[in-house]
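Computed from a predicted structure; not experimentally measured. The chains referred to below are lettered A, B, ... by the order of the sequence lines, with proteins before strands, and numbering in each begins at 1.
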2 protein chains.
Amino acid sequence: MRLTSKGRYAVMALVDLARFDNITPVSLRDISLRQGISLDFLEQIFSKLRKKEIVQSIRGTQGGYILNRKAKEIKLTNIFDAVDEKVKTVQCKKESKKGCNGKTTKCLTHNLWDELESHINNFFEEKSLEDLVKDNAERRV
Amino acid sequence: MRLTSKGRYAVMALVDLARFDNITPVSLRDISLRQGISLDFLEQIFSKLRKKEIVQSIRGTQGGYILNRKAKEIKLTNIFDAVDEKVKTVQCKKESKKGCNGKTTKCLTHNLWDELESHINNFFEEKSLEDLVKDNAERRV
DNA sequence: GTGAAACTTGACTATTTTAGTCAGGTATAT
DNA sequence: ATATACCTGACTAAAATAGTCAAGTTTCAC
Ligand code: FES
Ligand code: FES
């Protein structure tokens with residue numbers, strides 16, 4: 001059970017971005033240098049974040065990205081959703097009434113994994129980008 | 001963020017096993033047939049469970065496996081640990097003071113992932129095999 | 001208006017992980 | 001004896017991951 005780099009980097013980059021005034025755009029090159037993330041990879045990630053209206057892009061020289069909503073209103077769950085980092089614990093299709101391994105009924109553990117999934121998603125729904133920035137500022141003192 | 005089959009099957013097989021009297025051994029072939037899991041794969045999994053003393057093996061005809069401890073005393077965390085299904089959220093090495101991406105300090109999100117890891121592990125520490133068997137019996141009524 | 005900075009898009013690929021398979025054992029109840 | 005069932009380690013196909021690469025377009029600064 002691992003977290004992928006895409007989700008990890010998306011959050012890392014957004015925390016970096018959220019530390020600024022949210023008026024002057026921040027370039028991906030800067031984030032790339034500061035956080036040690038490949039620029040090309042960041043571009044992939046921000047393309048998705050923009051499509052889900054989490055960030056706004058400003059083109060041209062001196063361009064970059066700014067947040068499209070208040071940091072308080074961006075939850076971890078929104079970020080993860082945007083970059084297709086999803087929690088997947090069950091093997092079967094959720095909607096289907098069939099179980100895993102081609103069974104006609106849900107397996108012995110289906111309910112357990114479902115519970116686990118909710119447990120994890122709760123965590124993601126509670127945390128906002130603002131929380132993360134604050135946590136970080138405090139730790140620095 | 002996905003759960004692997006190894007962990008999923010380990011729990012599934014143990015729930016199956018725990019439903020019996022714990023005196024007569026249950027063969028992997030039976031579990032394989034009932035749960036639709038490859039026999040060879042199950043053998044791999046049970047080898048690890050045996051090494052961690054979660055199950056006991058009985059060889060020969062009419063042989064099989066029984067639990068080595070009470071179902072109440074087997075937590076999900078023990079099972080996952082036995083089959084090397086581990087929750088890995090951070091990218092860096094935990095003990096090291098260095099961060100991910102070769103940084104000399106922990107990254108902006110390190111603490112967040114650490115928190116997430118604890119959150120998930122809590123879930124695993126609370127649930128016992130007995131809970132799972134009970135849950136299942138109830139649902140069947 | 002021209003160059004450079006920075007966003008935009010989509011295809012491509014090496015590496016790693018997963019989810020098993022396969023081939024050979026050994027022990028024991030009947 | 002022999003069939004059943006555990007035991008072990010090596011091997012592999014397929015999928016997912018973590019990027020790279022190439023070819024743009026837009027806009028600011030000068
Ligand atoms: S996980 Fe849903 S049926 Fe097995
Ligand atoms: S996750 Fe530990 S330093 Fe980034």
Query - Residue met sooner reading DNA chain C from 5', once A/Q62 and B/R59 are mapped to nucleotides - result: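 Between the two, 5'-proximity favours A/Q62.
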
Requested in this report: With DNA chain D as reference, determine whether B/D40 or B/R29 sits nearer its 5' end, using the nearest nucleotide of each.
Outcome: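 Whichever sits nearer the 5' end wins; that is B/R29.
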
Query raised in the report: Just by protein heavy atoms under 4.0 Å, how would nucleotides 11-16 of chain D read 5' to 3' in B, S and -?
Result: ------

Report summary line: In numerical order, the residues of residues 17-28 of chain B whose heavy atoms come under 4.0 Å of DNA chain D are B/V26, B/S27, B/L28

Rounded to the nearest 0.5 Å, what separates atom [atom1] in [X] from atom [atom2] in [Y]?
X: A/H110; Y: A/Q91; atom1: NE2; atom2: CD; value: 11.5 Å
X: B/I23; Y: B/L67; atom1: CD1; atom2: CG; value: 11.5 Å
X: A/I37; Y: A/R8; atom1: CD1; atom2: CZ; value: 10.5 Å

Query raised in the report: What are the 5'-most and 3'-most nucleotides of DNA chain C lying under 4.0 Å from any heavy atom of chain B?
Result: C/dT18 to C/dA29

Inspect the surroundings of [atom1] in [X] and state if more than 12 heavy atoms from other residues, nucleotides or ligands are less than 6.0 Å away.
X: B/K72; atom1: NZ; result: no
X: A/K134; atom1: NZ; result: no
X: A/K70; atom1: NZ; result: no
X: B/K86; atom1: NZ; result: no

Separation of [X] atom [atom1] from [N] atom [atom2], in whole Å?
X: A/K6; N: D/dA18; atom1: NZ; atom2: C1'; value: 9 Å
X: A/E85; N: D/dA18; atom1: CD; atom2: C1'; value: 12 Å
X: B/I45; N: D/dC7; atom1: CD1; atom2: P; value: 15 Å
X: B/K51; N: D/dC7; atom1: NZ; atom2: P; value: 10 Å
X: A/Y65; N: D/dT26; atom1: OH; atom2: P; value: 15 Å
X: A/L39; N: D/dC21; atom1: CG; atom2: P; value: 13 Å
X: A/I58; N: D/dA29; atom1: CD1; atom2: P; value: 13 Å
X: B/R50; N: D/dC7; atom1: CZ; atom2: C1'; value: 7 Å

Query - Presence of donor-acceptor pair under 3.5 Å, side chain of A/E43 and base of D/dT20 - result: no

Requested in this report: Under the side-chain hydrogen bond (donor to acceptor under 3.5 Å, both in side chains) rule, collect the residues that match up with A/R34, sequence neighbours excluded.
Outcome: A/D16

Query raised in the report: Where the side chain of A/S38 is defined as all heavy atoms beyond and including C-beta, which of D/dA5, D/dC7, D/dT20 is the nearest nucleotide?
Result: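 It is D/dT20.
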
Report task. Select base, sugar-phosphate, or nothing to describe what A/F46 touches, counting heavy atoms under 4.0 Å on all strands. Result -> nothing

Query raised in the report: Only one of B/V87, B/V11, B/T4 forms a side chain to side chain contact (heavy atoms under 4.5 Å, CB included) with B/F80, so which one is it?
Result: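 Option passing the side chain to side chain contact (heavy atoms under 4.5 Å, CB included) with B/F80: B/V11.
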
Query raised in the report: Looking at side-chain heavy atoms only, is the closest gap between B/L116 and A/F124 below 4.5 Å?
Result: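 Heavy-atom side-chain distance check passes, below 4.5 Å.
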
Query raised in the report: A/Y9 side chain N/O closer than 4.0 Å to the phosphate oxygens (OP1, OP2) of D/dT17?
Result: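 No, no such contact exists.
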
Requested in this report: Look at A/S5 and D/dA18 and indicate whether a side-chain polar atom (N or O) is within less than 4.0 Å of OP1 or OP2.
Outcome: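 Yes.
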
Quick one: side chains of residues 40-57 of chain A, donor-acceptor pairs under 3.5 Å with protein atoms, not counting sequence neighbours, listed by atom name and distance.
| from | atom 1 | to | atom 2 | distance (Å) |
| --- | --- | --- | --- | --- |
| A/K48 | NZ | A/D84 | OD2 | 2.8 |
| A/Q56 | NE2 | A/N68 | OD1 | 2.7 |

Requested in this report: Tell me, please, which residues at least two apart from B/E85 pass salt bridge (charged side-chain N to carboxylate O under 4.0 Å, His left out).
Outcome: none

